[in-house]
2 protein chains.
Amino acid sequence: MATGRTHRPATRSRGIPEATVARLPLYLRALTALSERSVPTVSSEELAAAAGVNSAKLRKDFSYLGSYGTRGVGYDVEYLVYQISRELGLTQDWPVVIVGIGNLGAALANYGGFASRGFRVAALIDADPAMAGKPVAGIAVQHTDELEQIIADNGVSIGVIATPAGAAQQVCDRLVAAGVTSILNFAPTVLTVPDGVDVRKVDLSIELQILAFHEQRKAGEDAAHDGGRTAPAVRAATVAADRKGPDGDVPAVMPA
Amino acid sequence: MATGRTHRPATRSRGIPEATVARLPLYLRALTALSERSVPTVSSEELAAAAGVNSAKLRKDFSYLGSYGTRGVGYDVEYLVYQISRELGLTQDWPVVIVGIGNLGAALANYGGFASRGFRVAALIDADPAMAGKPVAGIAVQHTDELEQIIADNGVSIGVIATPAGAAQQVCDRLVAAGVTSILNFAPTVLTVPDGVDVRKVDLSIELQILAFHEQRKAGEDAAHDGGRTAPAVRAATVAADRKGPDGDVPAVMPA
DNA sequence: ATGTCTTTGTGAACGCGTGCACAAAGATGG
DNA sequence: CCATCTTTGTGCACGCGTTCACAAAGACAT
């Protein structure tokens, strides 16, 4: 029973499967590159290769958006860029606040890919009074006290949390209370939010641990290629510089 | 056919499902917190709440590792911490190199969660000669020329790429050639690697776009509560500052 | 206009992951 | 030693996502 906050399965969103939504930005990026090279059309095979996915998967993904291709030819690059942009809601401007301007927060503020596609850093917020007024990435940092006002004034619905773990839930609560309904969390904590609020997590530590698991497995398998017990310690302590384990590249699944 | 590099489905790793592996770090974090509070045992229900997952899922996850619980009581915290650590390969030390010491790379270098669990920053590498020798997070930055030597000398098998998109593939190739078999990629590019090399991607831009999609959908649904076709362009230009769409929190899926 | 060739769009099969619901296991109290 | 109560471990069913394989659709040449 506890607090009663449990996760829900990831509701399919208006007909478009969640997995497809997660790939649309990938397609969009590849298409944008093609667009900049003035490539007029592209086949599912080519685009799939550029996006690093299966061509059948790509076609099925696009089929959820509608029939935007021409058989025997492929997809019109410009048209598809527009359609996906519209589907992702990138035709409008999304003001974003970043809370917690430490090393990471500052790095995010400076990240160019932000403004590139419909996102605009509306404000940088930090709890340290000493930070207030200091410009980071050309924007003056504001104090946490003004959080609610900033959200309201700018109509912010997307918040980025880059605070220490201890402060994350508290910041999250305030963001949500102020009207934010989508949160990107960089703090290593499980955030609890009411229904209707989306949380996505980015966690360096978890990613590394998953890599370590596979890394260990590769080493273990190679070491276990002898019949049973020919002291394998050999390479164990030395460099594990073997390559080509029997494993492809692995998707990174991150529950919020 | 193209280059022939296509993605593979994410092979189940030695019996333990990939989805389970991705959750183990989550459990481990929750367990570590309990351990620090000297909590001796914990039930699947409690631990699941702390990790933000379903208790049945948690029990099934643990069942892949073995029967480490006691019926009627729960799980021994310390014992479970050890077992999961061992399973993830965190009982050994993983030297890691970070390539690309810009804003993000520096932030990663300073990230405390790094050293906390088995990971050690062996070197910071940057292509800018002006950076060479400069200390970041207490470590002197080294030039890209020394990449291969560093990898070899330290037995590095995990590399973090925090370079601009344009340099990522090239850096990746060098890392792999030098013996790295696991890569955490922060650059917004699709990396192509040989079989046996794991790539996990962290992409701020993609995460934001996924959030934007759901955000738009929430707004659209609220606005679409009229019958059928009352010119919807209305809200498009204005700020979408409504809250509480009928949607729970959404998992973040990130194919490499 | 007709045939050929390319590429899309999708029906169907399969496999993985999730959640339910319950039997088995052990603790605990009398 | 037996009864009861708690909590684990798991068999089972269901749904989502992926992949295959092919028919339909259109371009293009003749």
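Numbers restart at 1 for each chain; the letters A, B, ... are given by sequence-line order, proteins then strands.
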* To do: To the nearest Å, give me how far apart CD1 (B:Ile16) and P (C:dC16) are.
  => 15 Å

* Considering only NZ, NE, NH1 and NH2 on the basic side and carboxylate oxygens on the acidic side, decide whether A:Arg217 and B:Asp198 come within less than 4.0 Å. => no

* Can you tell me the distance, in whole Å, between the CD atom of B:Glu18 and the P atom of C:dG17? => 8 Å

* To do: Output the distance between atom CZ (A:Arg200) and atom NE2 (B:His214), rounded to the nearest 0.5 Å.
  => 6.5 Å

* To do: Indicate, with a heavy-atom threshold strictly under 4.0 Å, whether B:Phe62 touches base, sugar-phosphate, or nothing.
  => nothing

Restricting to nitrogen or oxygen on both sides, can you table the protein-nucleotides 1-3 of chain C pairs closer than 3.5 Å?
none

* Asked: Across the strands shown, which category fits A:Tyr68 at heavy-atom distances under 4.0 angstrom: base, sugar-phosphate, nothing?
  -> sugar-phosphate

I'd like a table of donor-acceptor pairs (distance under 3.5 Å, sequence neighbours excluded) in which one partner is a side-chain atom from residues 63-74 of chain A, with atom names and distances.
{"residue": "A:Ser63", "atom": "OG", "partner": "A:Lys60", "partner atom": "O", "Å": "2.6"}
{"residue": "A:Tyr68", "atom": "OH", "partner": "A:Leu65", "partner atom": "O", "Å": "3.3"}
{"residue": "A:Tyr68", "atom": "OH", "partner": "A:Gln83", "partner atom": "OE1", "Å": "3.0"}

* Tell me, for nucleotides 20-27 of chain C in 5' to 3' order, what letter each nucleotide earns: B for a base near a protein heavy atom under 4.0 Å, S for only sugar-phosphate near one, - for neither? -> -B--BB-S

* For A:Leu58 and D:dT19, what is the distance between atoms CG and C1' respectively, to the nearest whole Å? -> 14 Å

* To do: Please determine if a side-chain N or O atom of B:Tyr64 lies less than 4.0 Å away from the OP1 or OP2 oxygen of C:dG17.
  => no

* Asked: Tell me: CZ of A:Arg23 to C1' of D:dC16, nearest whole Å?
  -> 12 Å

* Atom NZ of B:Lys57 and atom P of D:dC14: how far apart are they, to the nearest Å? -> 19 Å

* Asked: Do any of residues 31-44 of chain A sit with a heavy atom less than 4.0 Å from DNA chain C, and if so which?
  -> A:Ser43, A:Ser44

* Working to the nearest 0.5 Å, report the span between OG of B:Ser182 and CD of A:Glu207. => 11.5 Å

* Not counting sequence neighbours, list each pair that qualifies as a ring-ring contact (aromatic ring centres under 6.0 Å, His included) and has a residue in residues 22-48 of chain B. => B:Tyr27-B:Phe62

* Under the side chain to side chain donor-acceptor pair (under 3.5 Å) rule, collect the residues that match up with B:Thr189, sequence neighbours excluded. => none

* Asked: Whole Å only: how far is the CD atom of A:Glu46 from the C1' atom of C:dT8?
  -> 14 Å

* **Sequence-distant partners of A:Glu46, side chain to side chain donor-acceptor pair (under 3.5 Å), two or more places apart** => A:Ser43

* To do: Taking side chain to side chain donor-acceptor pair (under 3.5 Å) as the test, write out the residues that go with A:Thr41, two or more places apart.
  => none

* To do: Mind checking side chain to side chain donor-acceptor pair (under 3.5 Å) for B:Asp93 and listing every partner two or more places apart, or none if nothing turns up?
  => B:Arg120

* Structure fact -> A:Glu45 atom CD is separated from C:dG9 atom P, nearest whole Å, by 14 Å

Show me the donor-acceptor pairs within less than 3.5 Å that the side chains of residues 162-177 of chain B make with the rest of the protein, sequence neighbours left out.
{"residue": "B:Gln169", "atom": "OE1", "partner": "B:Thr192", "partner atom": "N", "Å": "2.9"}
{"residue": "B:Gln169", "atom": "NE2", "partner": "B:Asp173", "partner atom": "OD1", "Å": "2.8"}
{"residue": "B:Gln169", "atom": "NE2", "partner": "B:Thr192", "partner atom": "O", "Å": "3.0"}
{"residue": "B:Arg174", "atom": "NE", "partner": "B:Glu148", "partner atom": "OE2", "Å": "2.9"}
{"residue": "B:Arg174", "atom": "NH2", "partner": "B:Thr144", "partner atom": "O", "Å": "2.9"}
{"residue": "B:Arg174", "atom": "NH2", "partner": "B:Glu148", "partner atom": "OE1", "Å": "2.9"}
{"residue": "B:Arg174", "atom": "NH2", "partner": "B:Glu148", "partner atom": "OE2", "Å": "3.4"}

* Asked: Roughly, in whole Å, what's the span from OH in A:Tyr75 to P in C:dT6?
  -> 18 Å

Donor-acceptor pairs under 3.5 angstrom involving side-chain atoms of residues 32-40 of chain B: please list them, not counting sequence neighbours.
{"residue": "B:Thr32", "atom": "OG1", "partner": "B:Leu28", "partner atom": "O", "Å": "2.7"}
{"residue": "B:Thr32", "atom": "OG1", "partner": "B:Arg117", "partner atom": "NH2", "Å": "2.7"}
{"residue": "B:Ser35", "atom": "OG", "partner": "B:Glu78", "partner atom": "OE2", "Å": "2.7"}

